[in-house]
Amino acid sequence: MLAKPALGQTGVMEERAVTGGRRTGNAAGTQAARGDMLRVGDHDIDLSRRTVVSRIDGASRRLTLKSLQVLLALVDEAGKVVSRDALLARVWPDTLPTDDVLTQAIALLRKAFGDDREAPRYIETIAKGGYRLLAAHEWTPTPADTAGTAETQTPPPAPRPVRRAPRWRWAAAAAASLLLVALVVFLHAGVARDDDDEGAPPASAAATSAPDTAPPYRAIVSTTEQETTPRLSPDGTQLVFARLDPVTRRQRLHIQRVSQANARPFAAPGPGEQDSLPAWSRDGRRIAFLRRAGQRCRFMVAAADGGDARAVGDCTDPDGLPFDWTPDGRGLVTGGTRTAADTGALRRLDLASGRWQALDYAIDRDAVDALPRHSPDGRWLGFRRGTTLGDLWVMPAAGGTPRRITTLRGDIRGWSWLPDSRGVVFSLVKEEVRLYRVDLAGGEPLPLPVLAGGNPVHPDIAADDWSMVFEIDRLRSGLFRLRTDGRGAAEPLFASSGVDLTPGISTDGATLAFVSDRSLHAQLWIGQPARPETLRAVAGIVPVPRHPPVWSGDGRRLLVIGRGEDGDRLFEVDVGSDAVTPLPVPAPSPTFAAYTDRDDRLLVGIDGGRGRLQLVLYARPDWRRVAAVEDVSVARYDAVGRRVCFTRPARAGIWCADTGLGSIVAYDTRLPAPAHYREWSVAGGTIYYDGPADGCQTSWRPLGDGRSDDDGACLIAAQGALPGSSSVDAAGRWLHVSLPLEHNIDVGWTPLQAPAASGGR
């Protein structure tokens with residue numbers, strides 16, 4: 001559901017393009033009179049902060065970078081019609097944007113100005129022509145300019161909302177970048193809406209010296225099928241990827257020249273077999289990949305120029321995990337979880353013997369290390385540690401003490417080394433999905449240009465060529481409810497043309513809360529499915545769509561993780577008034593929360609350190625820690641059983657504790673697997689699994705050791721709900737889910753800019 005040009009262009013440089021180098025000529029005066037403050041109609045625009053402040057009610061809205069650039073283009077041609085082609089060429093140069101990006105930028109401007117498309121006062125749409133700025137405008141000096149101390153004064157802080165805006169202003173109050181894509185790409189889906197860089201890791205000082213021009217992104221594999229996990233040959237001339245046939249649902253590998261559009265099948269899986277996760281050997285002569293058949297998973301190797309594939313070893317994980325070749329070409333390295341019997345979570349497969357051996361390096365028990373990649377020079381082995389709170393680490397290729405190279409505590413969706421082995425590029429899911437570069441020597445990650453038309457995930461860079469491929473992920477999803485007895489078809493709820501996620505149903509089954517970008521921004525929505533006219537957006541919060549909103553037992557309040565000034569925060573929403581209150585959790589990065597049987601007790605998942613989650617029971621109002629449990633993926637409160645149940649990141653199953661987080665016992669040791677840690681619900685004192693199982697993509701199975709595998713029902717055989725998108729009413733009659741409506745994944749390519757010291761390789 002989601003959608004980017006070259007290393008070196010940064011958000012810093014794009015900001016410079018907004019505030020400097022503008023064309024001369026405007027209604028207010030000369031170029032010299034233009035500063036960082038622009039007045040349009042009844043609104044003041046601060047270009048440096050990208051904020052629009054109403055001079056009528058003081059309401060403040062934030063613009064995306066591209067929407068601000070569109071506004072400046074209209075200002076420069078005030079009173080004249082500016083064609084869509086001219087706007088696309090000026091604001092999205094050297095790219096292939098869709099018309100949607102301009103439509104969304106105009107819609108955001110209208111919302112910021114409180115304008116009406118049918119009776120415009122600010123921006124007029126000219127049918128088959130373009131757009132025209134109607135409102136009068138003038139450039140005004142900044143306070144620092146007036147005082148004559150522009151270089152020494154510190155600008156005042158950006159305006160902060162101090163009260164909830166009237167409900168009729170909810171749409172304009174949500175001027176923020178699309179946080180929604182965070183979960184969407186986590187689910188292998190995406191839709192790019194804008195290129196706001198707020199909330200992204202700050203650019204390093206090196207960003208200020210980056211060139212203003214960026215190499216172009218382009219799609220080199222673009223069909224109606226899903227093409228995933230692209231990998232470049234070491235010389236950057238060939239591409240191998242997995243393609244899913246939408247009819248047979250069979251996946252096999254394809255290979256093509258980067259300069260050509262025709263791909264040919266690679267290897268030949270047998271009946272019932274699926275091939276995935278290809279990887280080139282360092283010399284470019286062989287390709288390794290995974291082959292699955294039912295519950296069996298094997299590593300295969302084939303010559304890159306064709307020939308039969310041979311099995312070299314069984315997978316250590318039945319689902320298969322990303323892997324890399326060793327620099328000498330004699331083995332493969334994959335990730336996983338450290339168990340009591342192993343020294344480390346990273347393991348090496350010896351191709352000659354087919355035997356696995358754990359790498360010897362410093363790691364805690366139950367830690368999750370994945371996505372291993374060797375540096376092109378063979379000196380280093382990097383990997384991602386953690387899942388929801390992940391970071392990149394690096395250590396000597398032979399093992400040793402890992403060193404953390406990022407402090408993101410974020411959702412990293414793939415990464416790759418630069419050809420000079422001095423840095424890496426990774427995909428980070430946050431307010432938007434974006435690529436970043438970080439150097440091993442230190443410094444903050446540097447954001448790369450935004451991709452128009454999709455989300456860039458799983459980047460791969462050629463070992464000997466400064467070029468990169470990545471997935472371009474796009475998806476549209478909708479909300480549905482399913483009878484848990486398996487009868488009847490899925491019933492659509494609150495239909496929209498956007499991305500609807502994380503439905504949370506109230507205990508009485510009457511009201512649904514969810515996250516959607518139907519207003520062109522990620523917002524929290526609340527409504528009664530039986531009365532669609534009650535649907536409304538809640539102002540004052542930009543939700544993080546990782547988990548569904550959690551209802552209190554009386555149905556009057558919601559717990560929602562949202563975006564704050566310094567990262568994610570926990571908010572409580574009063575459903576009657578839609579008032580939003582930030583809760584002062586005394587720990588960074590809360591990831592989930594749940595009510596208990598006491599109003600003065602709250603369960604919160606926080607960063608326990610080293611990329612691991614900790615479940616904490618807090619006493620309110622002083623937020624005293626009452627108890628804690630380590631290594632918890634997500635927890636839910638069972639009101640009937642008066643217990644707290646949770647999953648773990650490295651072990652399959654569900655555990656339950658009493659309301660004080662004591663007396664922990666294993667409830668089910670089979671399901672869910674760590675990859676499906678959110679696919680379970682509590683109803684009537686019973687825990688149910690709603691993920692894929694036994695040929696059914698969306699199931700409904702009661703859990704508990706001793707339960708029969710035949711219990712439950714298959715709700716949708718061929719389609720899975722988006723992970724983390726399910727909730728059930730207290731009676732357990734209806735499961736509410738988000739289902740993909742349209743989903744396509746293509747392969748993008750871009751040249752990268754080699755540092756001068758590297759010689760371009």
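- Checking side-chain atoms of Gln251 against main-chain N and O of Asp275 turns up a donor-acceptor pair under 3.5 Å.
- Taking the side chain as every heavy atom from C-beta outward, Pro503 and Ser725 approach each other to under 4.5 Å.
- Residues satisfying the side-chain contact (heavy atoms from CB on, under 4.5 Å) criterion with Thr223, sequence neighbours excluded, are Glu225, Glu227, Arg243.
- Side-chain contact, Thr750 with Arg218: no donor N or O sits under 3.5 Å from an acceptor N or O.
- With respect to Ser427, the side-chain contact (heavy atoms from CB on, under 4.5 Å) criterion is satisfied by exactly one of Arg413, His458, Glu471: Arg413.
- Contact of the Leu239 side chain with the Val221 side chain is registered, since non-hydrogen atoms from C-beta on lie closer than 4.5 Å.
- Judged purely by atom type and a 3.5 angstrom limit, Glu679 uses its side chain to pair as donor or acceptor with the backbone of Gly724.
- Inter-residue side-chain proximity for Val424 and Val438 is flagged as met; some heavy-atom pair is nearer than 4.5 Å.
- For the ring-ring contact (aromatic ring centres under 6.0 Å, His included) test, no residue two or more places apart in sequence or in another chain qualifies with Phe289.
- In this structure, Leu346 and Thr334 have side chains that are not in contact, with every pair of non-hydrogen atoms separated by 4.5 Å or more.
- Salt bridge status for Asp377 with Arg422: absent, with no side-chain N to carboxylate O gap under 4.0 Å.
- In this structure Trp280 satisfies the ring-ring contact (aromatic ring centres under 6.0 Å, His included) test with no other residue, sequence neighbours excluded.
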Subject >> Lys66/Leu102 under side chain to side chain contact (heavy atoms under 4.5 Å, CB included): CA gap, chis, key distance, verdict >> reply: CA-CA 9 Å; Lys66 293 302 186 187; Leu102 177 55; over 6 Å; no

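- In this structure, Arg385 is positioned above the aromatic face of Trp393, its NZ or CZ under 6.0 Å from the six-membered ring centre and within 45° of the axis.
- Checked against salt bridge (Lys or Arg N to Asp or Glu O under 4.0 Å), Arg409 has the following partners two or more places apart in sequence or in another chain: Asp607.
- Ion pairing between Asp464 and Arg282 holds under the 4.0 Å rule for side-chain N and carboxylate O.
- Between the Ser416 side chain and the Ile461 main chain, a donor and an acceptor come within less than 3.5 Å of each other.
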Original post:
For Arg476 and Asp500, what are the C-alpha separation, side-chain angles and deciding distance, and is it a salt bridge (charged side-chain N to carboxylate O under 4.0 Å, His left out)?
Top reply: CA-CA 8 Å; Arg476 183 171 68 90; Asp500 298 343; over 6 Å; no

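- Under the rule for a side-chain contact (heavy atoms from CB on, under 4.5 Å), the partners of Gln226 that lie at least two apart in sequence or sit in another chain are Leu244, His743, Ile745.
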**OP:** With salt bridge (charged side-chain N to carboxylate O under 4.0 Å, His left out) as the test, would you mind laying out the steps for Arg612 and Asp631 before giving the verdict?
**Re:** CA-CA 6 Å; Arg612 306 172 74 172; Asp631 289 317; 2.5 Å; yes

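- For Ser467, the side-chain contact (heavy atoms from CB on, under 4.5 Å) partners two or more places apart in sequence, or in a different chain, are Leu232, Ala462, Asp465, Trp749.
- Using a 3.5 Å distance cut-off with no hydrogens or angles, the side chains of Ser259 and Arg257 do not pair a donor with an acceptor.
- Side chain of Arg437 to backbone of Asp439: no donor-acceptor contact under 3.5 angstrom is found.
- Taking a cutoff of 4.0 Å between a charged side-chain nitrogen and a carboxylate oxygen, Arg404 and Asp391 qualify as a salt bridge.
- In this pair, His547 and Tyr677 present their aromatic rings perpendicular. The plane angle is above 60°, beyond the 30 to 60° band.
- Side-chain contact between Leu332 and Phe299 is present, with heavy atoms from C-beta onward closer than 4.5 Å.
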**OP:** Start with the C-alpha gap between Asp460 and Arg373, add the side-chain angles, then the distance that decides, and say whether salt bridge (charged side-chain N to carboxylate O under 4.0 Å, His left out) holds.
**Re:** CA-CA 10 Å; Asp460 182 69; Arg373 303 289 297 263; 2.5 Å; yes

